[in-house]
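For clarity, every value in this text was computed on a predicted model and none was experimentally measured. Scope of the values below: all heavy atoms of this structure, side chains included, with no hydrogens, waters or symmetry mates. Residues take their numbers from the sequence shown, with the count starting at 1.
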Amino acid sequence: MKMMKVRRGVIVFLVLAVPAVLASERADRPRPTSIRRPALHELLPSPKPIEPRRDVLLAARSGKSQSRAAPLGAKSDLPAIALLILLYTLQGIPMGLGGAMPMLMLERGVGTMEQAVFSTVTLPFALKLLWAPLVDSVYSTVLGRRKTWILPVQAAIGMIMITAGGRVDLLLGPVGGATPVNVKALTALFLAFYFLAATQDIAVDGLALTALSPANRELGATCNAIGQSLGFFLAYVGFIILHSRGLTTLGNFMKVWGWLFLGSIGAVVTMTKNDEHTRPTRNVARNLVDTYGVMAKVLALPSVRSLAVVLLTRGAPFAAFDVLLPLELQANGVKKQQLALLSTMLLPISMASQAVVSRFFRQGASPMRIFVGAAYARLLQGALATGLVFLLRTCVPAGAGVPLWLLGLGLLVLALGAVASSSMFVAQMAFFNRVSDARIGGTYLTMLNTLANLGGQWPGTIVLALKGAINDTPGSAKGFYMVAVGSTLLGIAWLYAMRSHIFALQDRPAKDWLATETEERAH
């Protein structure tokens, strides 16, 4: 019965998510005579043996625009959109469970330093660039270039969830129990989940470039944002609500999702279209070496190096609020059920903001200008969140319930953060899709996403360790306030230093992002 409820929940959320993606497509379409600079991934020759569009390629090299026919609309890509949302949603499940773990550990007295150790489980998303060329180069022509990796990864995650579901509750232990939480074992388990999810993300990013039509490839960013948000919501909020009411344990919840992962394999097989089945022209070893070589050329591009500076530092100003705020709210009287309820209210806000921002891109808005504007909003939200924690500590007596007006104020503060964070993410992904050279598959996109993930994840571990060094008591106001004020000042300095730099990246011509420019000139 529980499995049927979860399946119905997944179907309902997919029904809600697909219209959200289509909403981003309802903007006014350019007329056939309108001019725009083509995204570099549109220059990729079709997986079928069709000659490259040399006219568009030359236009991209010169940085000039090229006229083309009006897009067909997102409805023509509806099956591909549904598949991408499904795959990205499944990727969000391990991340949602990982997001719930710090709250469970805090209930069991786990200190901030040990929380910092567990936060390293997100590293595979930051380091997936190391094995992205392998995923991009090694595949079976029978299964297809992307299904070769998606199918076994889906099966592996499902089997591990089912197997680990029988032991994870013992590793966590009861609240107030004498047995300490086995943080090292839990860290190893979730490292495996994140490694597999990151590997699937590489393959799905590549699939988005071929499954969607050239006119709609930027919708891959929206599918990514909405899908991962749905997955995180289903795992994080779903588990917190059921667990707080005594309806499930972490182990049983993982088992249900394990079977759903295995059941999704059939959907992936039947729904995947436009996968590549052509045999590589060269042997696998040479293909792999060449892919790493192209990746090195991409990293050597001045435009990519400049973008890397932004991506690797972008998370530092916001880490204190992203990582510490949920723990501070819980430590200061907000119950897990209330946090889950707030997350439920934030989901439609986040999805709506993603759709609205995507619509702006379809109308020709500059992604990185929206990125910078959303960064200002996130910084404001961080300052307001610090004030919210202060109000909780001063207005709510120990053991008393949080008043409704304060919960409402918290919802407004968190909603601002959700809108700003979603806008930054979609803007960032849209910019990546515009500049990525899809002729090297998903490696270019994966490299940019890896840099962004690394920049968003390393500050979280540092922040937890820093707060623990200031005061190792979980929920300490002293440590939180010092880190929060430092993050706010750092954010002001970062925006002052990076704003013009980011706008300059947006204005670079298309040829500055071509990874294969040098090689084609040699030929």
J.: Tell me whether the rings of Y194 and F125 are parallel (<30°), tilted (30 to 60°) or perpendicular (>60°).
T.: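 Judged by the thresholds at 30° and 60°, the geometry between Y194 and F125 is perpendicular.
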J.: At their closest point, which heavy atom of M103 faces which heavy atom of L327, and how far apart are they?
T.: N-CD2, 4.4 Å
J.: List for me each residue that meets ring-ring contact (aromatic ring centres under 6.0 Å, His included) alongside F190, sequence neighbours excluded, and say none if there are none.
T.: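 Listed in chain order: F118, F193.
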J.: What donor-acceptor contacts under 3.5 angstrom involve side-chain atoms of residues 488-505, with partners at least two apart or in another chain?
T.:
| from | atom 1 | to | atom 2 | distance (Å) |
| --- | --- | --- | --- | --- |
| T488 | OG1 | A484 | O | 3.0 |
| W494 | NE1 | T313 | OG1 | 2.8 |
| H501 | NE2 | S306 | O | 3.1 |

J.: State the CD-CG distance between Q381 and L412, to the nearest 0.5 angstrom.
T.: 11.5 Å
J.: Could you report the tightest heavy-atom contact between A100 and I240, atom names first, then the distance?
T.: CB-CD1, 4.1 Å
J.: Write down the atom of A465, the atom of M113, and the distance for their closest heavy-atom approach.
T.: O-CE, 3.5 Å
J.: Within a radius of less than 6.0 Å around CZ of R167, do more than 12 heavy atoms belonging to other residues, nucleotides or ligands occur?
T.: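 At most 12 heavy atoms, drawn from other residues, nucleotides or ligands, come within 6.0 Å of this atom.
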J.: Between T386 and G382 (side chain of the first, backbone of the second, donor and acceptor by atom type, cut-off under 3.5 Å), is there such a pair?
T.: yes
J.: List the residues meeting side-chain contact (heavy atoms from CB on, under 4.5 Å) with V237, not counting sequence neighbours, and say none if there are none.
T.: F233, I241, A340, S343, T344
J.: Is a salt bridge present between D205 and R146, judged by a nitrogen-to-oxygen distance below 4.0 Å?
T.: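 No salt bridge links D205 with R146.
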J.: What pair of heavy atoms forms the shortest contact from I93 to A235, and how long is it?
T.: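 Smallest heavy-atom distance, with atoms named: O-CB, 3.3 Å.
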J.: By the definition side-chain contact (heavy atoms from CB on, under 4.5 Å), identify the one residue from N332, V334, L406, L391 that meets it with V396.
T.: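 Single pass found, and it is L406.
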J.: May I have the list of side-chain donor-acceptor pairs in residues 149-162 shorter than 3.5 Å, sequence neighbours left out?
T.:
| from | atom 1 | to | atom 2 | distance (Å) |
| --- | --- | --- | --- | --- |
| W149 | NE1 | V135 | O | 3.2 |
| W149 | NE1 | V138 | O | 2.7 |
| Q154 | OE1 | Q200 | NE2 | 3.0 |
| Q154 | NE2 | S264 | OG | 2.8 |

J.: By the ring-ring contact (aromatic ring centres under 6.0 Å, His included) test, which pairs, at least two apart or in different chains, include something from residues 326-348?
T.: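 Found none.
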J.: Can a donor-acceptor pair be found, under 3.5 Å and without considering hydrogens, that links the side chain of W458 to the backbone of L312?
T.: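 Looks like yes, one N/O pair under 3.5 Å.
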J.: To the nearest 0.5 Å, what is the distance between CG on L90 and CG on L230?
T.: 11.0 Å
J.: Hey, could you give me the CG/CG distance between N224 and L84, rounded to the nearest 0.5 Å?
T.: 9.0 Å
J.: Nearest 0.5 Å, what's the CG-CG distance between L242 and L250?
T.: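 It comes to 12.0 Å.
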J.: For the backbone of A197 and the side chain of D201, can you confirm whether one donor and one acceptor N or O come within less than 3.5 Å of each other?
T.: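 No, because the side chain of D201 does not come within donor-acceptor range (under 3.5 Å) of the backbone of A197.
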J.: With sequence neighbours left out, write down each residue that passes ring-ring contact (aromatic ring centres under 6.0 Å, His included) with F425, or none if nothing qualifies.
T.: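 Applying ring-ring contact (aromatic ring centres under 6.0 Å, His included) to F425 gives none.
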J.: What's the verdict on side-chain contact (heavy atoms from CB on, under 4.5 Å) for Q330 and K335, showing C-alpha distance, side-chain angles and the deciding distance?
T.: CA-CA 6 Å; Q330 184 182 5; K335 299 179 181 179; over 6 Å; no
J.: What are the two closest heavy atoms between V402 and G333, and how far apart are they?
T.: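 Taking every non-hydrogen atom into account, CG2-O, 3.5 Å.
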J.: R314: which residues meet the salt bridge (charged side-chain N to carboxylate O under 4.0 Å, His left out) condition with it, sequence neighbours left out?
T.: none
J.: To the nearest 0.5 Å, what is the distance between CE (M482) and OG (S487)?
T.: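 Going from CE on M482 over to OG on S487, the span is 11.5 Å.
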J.: So do M447 and V298 actually touch side chain to side chain, heavy atoms under 4.5 Å?
T.: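 Answer yes - side chains close enough.
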J.: Got a donor-acceptor contact below 3.5 angstrom from the T148 side chain to the Y139 backbone?
T.: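 Side chain of T148 to backbone of Y139, a donor-acceptor pair under 3.5 Å: no, none is there.
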J.: For V389, does its backbone N or O pair with a side-chain atom of R393 as donor and acceptor, under 3.5 Å?
T.: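 Here the side-chain-to-backbone pair does not exist.
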J.: Under the ring-ring contact (aromatic ring centres under 6.0 Å, His included) criterion, do W513 and F432 qualify, and how do the steps go?
T.: CA-CA 10 Å; W513 304 94; F432 291 172; 9.2 Å; no
J.: State, yes or no, whether a side-chain contact exists between P124 and L191 at a heavy-atom distance under 4.5 Å.
T.: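 P124 vs L191: side chains touch.
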J.: When you measure from the side chain of Q115 to the backbone N and O of L464, does any donor-acceptor pair fall under 3.5 Å?
T.: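 Checking the backbone N and O of L464 against the side chain of Q115, no donor-acceptor pair under 3.5 Å is found.
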J.: Would you name the heavy atoms of L388 and G410 that are closest together and state the gap between them?
T.: CD2-CA, 3.7 Å
J.: For a 4.5 angstrom cut-off between non-hydrogen side-chain atoms, does L329 reach Q338?
T.: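 Not in contact.
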J.: In the structure I gave you, are the side-chain heavy atoms of Q91 and V204 within less than 4.5 Å of one another anywhere?
T.: yes
J.: Does any non-hydrogen side-chain atom of W257 lie less than 4.5 Å from one of L234?
T.: yes
J.: With a 4.5 Å cut-off on side-chain heavy atoms, are L346 and L411 touching?
T.: yes
J.: Decide side-chain contact (heavy atoms from CB on, under 4.5 Å) for F253 and H243; before the verdict, give the C-alpha distance in whole Å, the side-chain angles of both, and the deciding distance to 0.1 Å.
T.: CA-CA 9 Å; F253 193 81; H243 181 261; over 6 Å; no
J.: Please list, chain by chain and in numerical order, all residues satisfying ring-ring contact (aromatic ring centres under 6.0 Å, His included) with F232, sequence neighbours excluded.
T.: Y236
J.: Around atom CG of L130, are there more than 12 heavy atoms from other residues, nucleotides or ligands closer than 6.0 Å?
T.: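 It does: L130 CG has more than 12 such atoms within range.
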J.: For V419, what residues pass the side-chain contact (heavy atoms from CB on, under 4.5 Å) criterion, not counting sequence neighbours?
T.: I349, S353, S423
J.: Are V435 and L448 close enough that some pair of their side-chain heavy atoms sits under 4.5 Å apart?
T.: yes
J.: To the nearest 0.5 Å, what is the distance between CD on Q228 and CG on L87?
T.: 11.0 Å
J.: Centroid separation under 6.0 Å, is that true for the rings of W131 and F195?
T.: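 Aromatic pair counts; centres sit under 6.0 Å.
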J.: With a 4.5 Å limit on heavy-atom distance, are the side chains of V426 and I370 in contact?
T.: no
J.: Below 3.5 Å, can you tabulate the donor-acceptor pairs from side chains in residues 172-182 to any protein atom, sequence neighbours excluded?
T.:
| from | atom 1 | to | atom 2 | distance (Å) |
| --- | --- | --- | --- | --- |
| N182 | OD1 | A185 | N | 3.1 |

J.: What pairs with A383 under side-chain contact (heavy atoms from CB on, under 4.5 Å), at least two apart in sequence or on another chain?
T.: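 Checked A383 against side-chain contact (heavy atoms from CB on, under 4.5 Å); zero matches.
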J.: Quick one, M424 with V372, criterion side-chain contact (heavy atoms from CB on, under 4.5 Å). Give me CA distance, side-chain angles, the key distance, then yes/no.
T.: CA-CA 8 Å; M424 284 187 70; V372 170; over 6 Å; no
J.: Mind checking what makes side-chain contact (heavy atoms from CB on, under 4.5 Å) contact with A192, not counting sequence neighbours?
T.: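 With sequence neighbours excluded, A192 shows a side-chain contact (heavy atoms from CB on, under 4.5 Å) to no residue whatsoever.
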J.: For L325 and L414: C-alpha separation, side-chain torsions, deciding distance, then whether side-chain contact (heavy atoms from CB on, under 4.5 Å) applies.
T.: CA-CA 10 Å; L325 183 59; L414 294 176; 3.8 Å; yes
